[in-house]
K.L.:
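Sharing a structure below in structure tokens format, with a few things to ask.
Quick note: numbers below take in every heavy atom, side chains included, and nothing from hydrogens, waters or symmetry partners. Atoms within a ligand are numbered from 1 in the order they appear, just like the ligands themselves.
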Amino acid sequence: MQVLHQIPRLYDPNVIIGYETSDDAAVYKLTDDLAVVQTVDYFTPIVDDPYTFGCISAANALSDIYAMGAKPIMGLNIAGFPVDKLPLDVLVQILQGGSDKAKEAGITIAGGHTIDDNEPKYGMVVTGLVHPEKIITNSDAKPGDVLILTKPIGTGIITTAMKEDIAPIESAEMAIKVMSALNKSSAEAMIKVGVNACTDVTGFGLLGHLYEMVSGSSVGAEISLEKVPIIDGTWKLADDLIIPAGTMRNHEYLVEHIIWDDISYEHQMILCDAQTSGGLLISVPEEKSGELVRLLQESNALASAIIGRITENNVGIIKVKKLIG
Ligand code: CO
Ligand code: CO
Ligand code: CO
């Protein structure tokens with residue numbers, strides 16, 4: 001929600017990225033060579049298994065640091081837990097999942113805070129570091145850039161089906177694999193190649209986050225449905241109208257900003273599907289795109305798909321075609 005825009009903020013010239021451009025994390029410049037990047041994310045359980053929930057939530061929180069081209073250095077846990085309703089071991093498993101994911105990212109969890117709450121909630125504050133001139137924002141995409149996505153989409157629809165026990169087992173397993181995966185090596189690949197813009201795909205869905213990128217960058221975009229990696233089984237669930245409320249809100253919000261070229265309702269929903277811990281959406285100069293795809297494949301990214309390109313015309317508009325050349 002964008003409520004923060006309604007509250008006046010104290011101006012600080014060292015806050016070089018705040019919330020104005022809807023970027024992934026805030027950035028505070030300490031010196032000419034060093035900036036701190038900070039983000040916080042937490043949510044209610046998205047899967048039944050507490051350990052897996054902890055892994056996913058930590059991967060999701062870390063993702064905003066990776067999307068900025070920064071290196072995470074430390075995390076703090078934030079948790080809510082119904083102490084009188086659930087055995088404390090459930091909380092231990094959630095925190096263990098978060099801790100193992102942080103370890104995989106190479107950072108320590110240095111502390112945190114838990115409160116008594118009606119429903120479990122878990123997430124992390126993550127701090128990272130970056131050179132102030134090497135920050136990768138979501139608002140510097142350039143006409144001619146190629147758009148690359150590093151994970152398949154569909155986790156919102158599939159986790160909604162999982163809650164109703166109607167998700168095919170392979171789809172559920174793939175969604176968990178996708179949500180638990182760190183964006184670490186994909187971020188390292190994009191830093192190595194040098195890209196113009198990046199964001200991670202989360203609650204606003206692929207098209208919602210792409211819209212933030214094109215409007216922030218004053219460009220347009222064209223994407224090809226057939227090039228977008230989608231988790232197997234997602235379309236069938238969308239066809240059965242298993243669509244999360246957040247996904248429908250995204251679709252409604254984006255109505256004026258998208259030109260749908262003969263795209264079915266189900267596919268429109270999938271492209272707007274609210275993701276948890278999704279991949280990086282990267283805007284890279286065309287001449288570097290082959291190298292980025294190669295590095296992503298080498299690092300076993302879950303996807304390395306060229307899904308479209310940035311255009312000079314149609315500023316703030318995304319054209320979705322079945323296939324573009
Ligand atoms: Co983000
Ligand atoms: Co976030
Ligand atoms: Co405290």
K.L.:
If we check side chain to side chain donor-acceptor pair (under 3.5 Å) with Ser283, which of these qualifies: Asp145, Asn138, Thr199?
P.N.:
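With Ser283 as partner, Asp145, Asn138, Thr199 yield a single side chain to side chain donor-acceptor pair (under 3.5 Å), made by Asp145.
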K.L.:
Is the closest basic N to carboxylate O distance between Glu173 and Lys177 below 4.0 Å?
P.N.:
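No, this pair does not count.
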K.L.:
Between His267 and Trp235, how do the two ring planes meet: parallel, tilted or perpendicular, split at 30° and 60°?
P.N.:
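Ring orientation of His267 relative to Trp235: tilted.
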K.L.:
Indicate if the distance from the Co ion (ligand 1) to the nearest N, O or S atom of Asp23 falls below 2.8 Å.
P.N.:
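So Asp23 does not bind the Co ion (ligand 1) by this criterion.
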K.L.:
I'd like the atom name of the N/O/S atom in Asp64 lying closest to the Co ion (ligand 1).
P.N.:
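When I compare the N, O and S atoms of Asp64, OD1 is nearest to the Co ion (ligand 1).
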K.L.:
Taking the Co ion (ligand 1) as the vertex, how big is the angle to OD1 in Asp200 and OD1 in Asp24, rounded to 10°?
P.N.:
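Rounding to the nearest 10 degrees gives 80°.
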K.L.:
Atom CG of Asn196 and atom CG of Asp140: how far apart are they, to the nearest 0.5 Å?
P.N.:
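It is 6.0 Å, given to the nearest 0.5 Å.
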